[in-house]
Amino acid sequence: MASIPQTPVTTAITLSPLCLPSQNSFYFPSKPPPTTSQPPPQPLTSHILSKPNHLHRRHFSSCTSQFLLTSPLSLTKPQNLESSFPLDSNYHSPQTNTDCLIEVDDLFNLLRLSVKYTDIDLARALHASILKLGEDTHLGNAVIAAYIKLGLVVDAYGVFMGMSTPDVVSYSTLISSFSKLNRESEAIQLFFRMRISGIEPNEYSFVAILTACIRSLELEMGLQVHALAIKLGYSQLVFVANALMGLYGNCGCLDQAMHLFDEMPQRDIASWNTMISSLVKGLSYEKALELFRVLNQNKGFKADQFTLSTLLTACARCHARIQGREIHAYAIRVGLENNLSVSNAIIGFYTRCGSLNHVAALFERMPFRDVISWTEMITAYMEFGLVDLAVDMFNKMPEKNSVSYNALLTGFCKNNEGLKALNLFVRMVQEGAELTDFTLTSVINACGLLLKLEISRQIHGFIIKFGFRSNACIEAALIDMCSKCGRMDDADRMFQSLSTDGGNSIIQTSMICGYARNGLPEEAISLFYRSQSEGTMVLDEVAFTSILGVCGTLGFHEVGKQIHCQALKTGFHAELGVGNSIISMYSKCYNIDDAIKAFNTMPAHNIVSWNGLIAGQLLHRQGDEALAIWSSMEKAGIKPDAITFVLIVSAYKYTSSNLLDECRSLFLSMKMIHDLEPTSEHYASLVGVLGYWGLLEEAEELIDTMPFVPEVSVWRALLDGCRIHANTSIGKRVAKHIIGMEPRDPSTYVLVSNLYAASGRWHCSEMVRENMRDRGFRKHPCRSWVINKKQLHTFYARDKSHPQSKDIYSGLDILILKCLKAGYEPDMSFVLQEVEEQQKKDFLFYHSAKLAATYGLLKTRPGEPIRVVKNILLCRDCHTFLKYATVVTQREIIFRDASGFHCFSNGQCSCKGYW
């Protein structure tokens with residue numbers, strides 16, 4: 001570039017926006033040099049700025065006046081450069097003497113223009129030129145701000161490090177930048193450095209450092225900053241108070257945030273939005289909606305698009321249909337319905353709380369759409385199970401980003417389309433699409449759906465090879481995948497290696513789920529206790545749902561109630577998943593009353609909630625109550641799903657009277673009225689009802705006339721009916737079908753053997769057992785357990801491993817003698833070995849159910865019911881024995897087996913002899 005001769009500069013700075021200036025680009029003489037006859041050529045920028053063309057002047061005047069750099073120091077309202085870096089129209093660089101005619105304002109204006117037009121070369125040229133003027137803190141701060149706006153944080157930091165006397169603005173600008181770029185630790189270090197250097201923070205400094213505390217959830221640091229703000233008198237400033245509220249809200253300290261809000265002498269709409277957003281994040285949806293009502297009554301403020309978007313999100317999460325529609329109506333009334341963020345939030349609300357027609361109509365009416373709008377529609381179609389329409393919407397998108405791909409991936413997983421999710425992931429890798437942590441967790445979840453060992457290993461290898469295993473969410477997803485794909489040992493090894501650093505809440509939750517999923521509830525509850533005692537586990541929605549599920553599986557009533565209390569205190573009980581888990585837990589712990597209370601106090605229900613309540617009644621063999629819930633569903637207009645019909649058809653097994661005609665009509669209504677095709681599960685339920693009421697021939701005929709090949713579950717339902725009514729002729733035919741379909745399932749052989757034994761056909765029973773042994777099959781050992789003082793005590797048949805086995809066996813022997821005197825007669829048909837009579841009695845007397853019940857009798861106080869759980873069906877002899885045990889001990893025994901609850905009292909059982 002040509003250098004400019006040493007002539008006085010009167011109206012503009014001569015420099016090129018395309019390259020750095022030369023050494024003599026700027027020269028400010030103390031007296032004018034001799035004039036030359038010919039003016040030198042000038043670069044483009046100088047030419048435009050110095051020509052007396054009114055169009056050029058007007059163009060740049062307009063640019064300069066309309067564009068102001070946004071200060072990086074404020075979280076709540078934009079500030080221009082003059083507010084962050086005080087400028088005066090008469091201000092000149094300290095190096096400028098009376099002979100210099102340049103206006104330093106031009107430098108500030110040009111820096112603004114470099115940002116406006118994203119001209120990095122111009123910014124660097126200006127920086128080089130400013131260096132020649134000597135050090136000037138104000139200009140240095142402007143360069144820092146410009147570099148940050150251009151994304152050149154390293155350059156900005158270099159300017160800062162080159163300043164001998166950075167001021168509060170210099171520090172605050174960089175602290176704010178680091179805070180917003182996920183470099184919170186550096187922001188905090190810089191704030192400490194500022195304090196050590198003796199510079200007192202201003203309001204912008206406080207907002208900047210509080211932003212770092214919010215993003216890193218540094219509550220302790222935030223408390224210290226709050227104390228300093230009070231000491232220096234900044235805590236009452238609106239945007240400092242807003243930042244403090246944001247800190248407390250994000251860290252779950254809602255009471256402190258609300259106290260700050262109430263004590264604010266002045267508020268702006270950002271104050272209201274911050275408090276409402278904090279309440280929504282803290283799951284206090286009702287309080288957020290109440291605060292909105294208070295805001296509406298305040299004439300000084302008016303809800304904006306951020307308020308409405310946040311509230312619509314809250315209504316969607318808690319399924320507050322009426323309130324959500326009211327907010328939609330409010331948005332229409334104040335003219336914000338067509339605001340892009342509000343429109344997107346409305347679509348999200350109706351996705352959860354409306355119909356697909358609502359969502360589609362809203363999308364079509366939108367005057368403007370962005371990538372979020374299209375992504376919301378993909379999510380909506382996936383929520384309603386319309387996978388093909390979601391894919392079509394994705395293909396029509398004018399532009400896509402990682403969020404769009406992730407929405408499609410998540411939708412595939414939600415609809416159990418694991419293979420489609422995996423294919424989409426392969427396409428993303430091939431096309432070089434951005435792979436975020438969310439992408440990886442989604443594809444890992446897809447592998448979990450496929451349950452394929454080799455595929456899970458390939459994806460696991462991909463994650464390790466490309467170094468993605470540094471994220472706790474990914475590690476947790478990998479553990480979850482391994483536990484689903486038959487790799488529990490790998491999951492355990494991963495967890496043990498990760499636990500050396502103190503554990504992580506998400507990872508611990510995944511491991512608890514894995515244990516529960518693989519039939520290891522004791523390990524699950526043990527890990528939960530350990531993590532709680534060590535304080536390493538934070539209970540979130542997933543953790544609550546998982547632990548409550550484990551408590552239900554084990555019948556851990558006391559711990560389940562405690563976790564319910566924690567959910568109430570933390571507000572997670574309002575989450576649908578947690579609420580549904582509470583219903584299931586109480587139902588499985590023989591507390592249907594509290595299950596109903598939990599259902600009635602839920603802020604919203606979905607079909608899972610209704611199904612859970614019906615399933616609870618079936619566990620208690622309350623068929624009439626289950627049908628009453630079904631009637632309530634119909635009156636409320638709740639649309640049933642396939643699971644609902646499996647449950648309702650099964651309910652007819654437990655009705656007080658034979659309602660088979662009504663059951664048949666209900667089954668036919670699935671297709672005719674509800675447009676649901678019956679599956680094998682539905683046929684199995686109907687066959688089970690027919691078998692329960694003794695119509696075994698009709699049940700067999702129904703199977704023969706099914707429109708598709710019946711699955712093994714249908715034949716098992718009929719075999720169960722044959723067992724109840726001891727019908728070996730039909731049972732033998734059914735057994736052949738089952739063994740032909742599942743020749744390697746030992747439970748089938750056990751069922752057939754029991755069927756023959758129950759009818760006294762010992763030779764056939766022993767042949768089945770011999771066949772099992774020849775094939776190398778072993779049945780899964782049955783076990784029973786009792787919970788005493790939060791400890792699980794498990795028993796197997798003739799088990800003497802318990803520390804108090806001597807006392808247990810002595811107690812059982814005494815109990816057996818008393819029961820024998822009361823009329824108990826051992827049922828030898830359930831001893832499948834042809835042995836001596838006394839040996840048969842020994843086999844019978846020490847079944848796991850009897851041992852567990854005896855331990856419960858020994859360890860509970862008089863008058864307390866004994867609660868026992870068994871992993872398979874209770875045998876008929878144990879059933880008879882427990883009836884007599886309640887007579888001789890005058891105690892109630894609540895026994896849960898694979899069929900549901902048996903409530904033994906005064907020699908009677910709630911199952912009435914059918915289970």
Side-chain angles (χ1 to χ4, degrees), residues 71-76 84 144 148 153 156-157 160-161 166-264 270-271 273-275 277-279 281-282 470-472 501-506 534-540 570:
S71 168
L73 303 178
S74 174
L75 291 179
T76 57
S84 296
I144 290 172
I148 287 171
V153 181
Y157 189 68
F160 173 82
M161 293 302 293
D167 61 10
V168 66
V169 176
S170 319
Y171 278 101
S172 300
T173 307
L174 270 179
I175 292 169
S176 178
S177 174
F178 285 150
S179 299
K180 294 174 183 177
L181 292 171
N182 299 320
R183 297 168 66 175
E184 296 86 0
S185 59
E186 294 168 81
I188 292 171
Q189 290 172 12
L190 204 56
F191 182 78
F192 280 125
R193 178 175 166 182
M194 179 179 76
R195 295 290 294 138
I196 292 168
S197 66
I199 297 173
E200 186 175 289
N202 62 14
E203 59 268 38
Y204 301 109
S205 315
F206 281 111
V207 172
I209 188 61
L210 285 168
T211 301
C213 295
I214 289 168
R215 295 195 172 209
S216 59
L217 298 179
E218 280 282 356
L219 181 59
E220 289 299 321
M221 176 68 186
L223 289 168
Q224 295 176 39
V225 173
H226 189 181
L228 182 63
I230 294 172
K231 180 179 178 182
L232 299 179
Y234 288 105
S235 63
Q236 296 296 309
L237 292 179
V238 174
F239 43 96
V240 175
N242 290 346
L244 286 166
M245 277 195 297
L247 169 74
Y248 290 124
N250 277 273
C251 293
C253 304
L254 291 181
D255 291 339
Q256 289 89 331
M258 185 60 80
H259 177 73
L260 267 175
F261 180 79
D262 291 337
E263 296 295 319
M264 286 179 73
S271 312
N273 288 342
T274 302
M275 194 63 241
S277 176
S278 297
L279 290 168
K281 286 176 183 174
S470 59
N471 182 290
D501 298 327
N504 178 282
S505 183
I506 302 172
E534 294 171 356
T536 56
M537 186 176 185
V538 179
L539 290 174
D540 58 10
T570 55

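Side chains included, hydrogens not; waters and symmetry mates left out as well; all remaining heavy atoms used.
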To the nearest 0.5 Å, what is the distance between CZ on R183 and OG on S177? 7.5 Å
Just so I know, are the side chains of F261 and Q256 near enough to count as touching, which here means a heavy-atom distance under 4.5 Å? no
Quick one: does L232's side chain get under 4.5 Å of P201's, heavy atoms only? yes
Mind checking whether V168 and M194 have side chains closer than 4.5 Å, heavy atoms only? yes
Is there a side-chain contact (heavy atoms from CB on, under 4.5 Å) between C253 and L219? Walk through the geometry before answering. CA-CA 9 Å; C253 304; L219 181 59; 3.8 Å; yes
Evaluate the side-chain contact (heavy atoms from CB on, under 4.5 Å) criterion for residues S505 and D540: first the C-alpha distance (whole Å), next the side-chain angles of each, then the deciding distance (0.1 Å), finally the verdict. CA-CA 9 Å; S505 183; D540 58 10; 5.5 Å; no
Test item: Q236 and E263 side chains (from C-beta on) under 4.5 Å apart, heavy atoms: no
If only atom types and distance count, is the side chain of R215 paired as donor or acceptor with the main-chain N or O of K180 below 3.5 Å? yes
Just how far is it from atom CG of D255 to atom CG of L260, taken to the nearest 0.5 Å? 11.5 Å
Kindly compute the distance separating OG (S185) from CE (M221), expressed to the nearest 0.5 Å. 11.5 Å
With ring centroids as reference points, do H226 and Y248 lie under 6.0 angstrom apart? yes
Spacing of CG belonging to N250 relative to OG belonging to S277, to within rounding of 0.5 Å: 7.0 Å
Side chain proximity check, R195 to L228, heavy atoms < 4.5 angstrom: yes
So Y171 and F160, would you call those rings parallel, tilted or perpendicular, with 30° and 60° as cut-offs? perpendicular
Should M258 and M275 be marked as a side-chain contact (heavy atoms from CB on, under 4.5 Å) after you check the CA-CA gap, both sets of side-chain angles, and the distance that decides it? CA-CA 7 Å; M258 185 60 80; M275 194 63 241; 4.0 Å; yes
Side chains of F206 and F239: does their closest heavy-atom pair fall under 4.5 Å? no
With no hydrogens and no angle check, just 3.5 Å: does a side-chain donor-acceptor pair link S179 and T211? no
Are the side chains of I175 and S205 in contact, using a 4.5 Å heavy-atom criterion? no
Taking the side chain as everything from C-beta on, heavy atoms only, tell me whether V207 gets closer than 4.5 Å to V240. yes
Do N242 and T274 have side-chain atoms, one donor and one acceptor, less than 3.5 Å apart? no
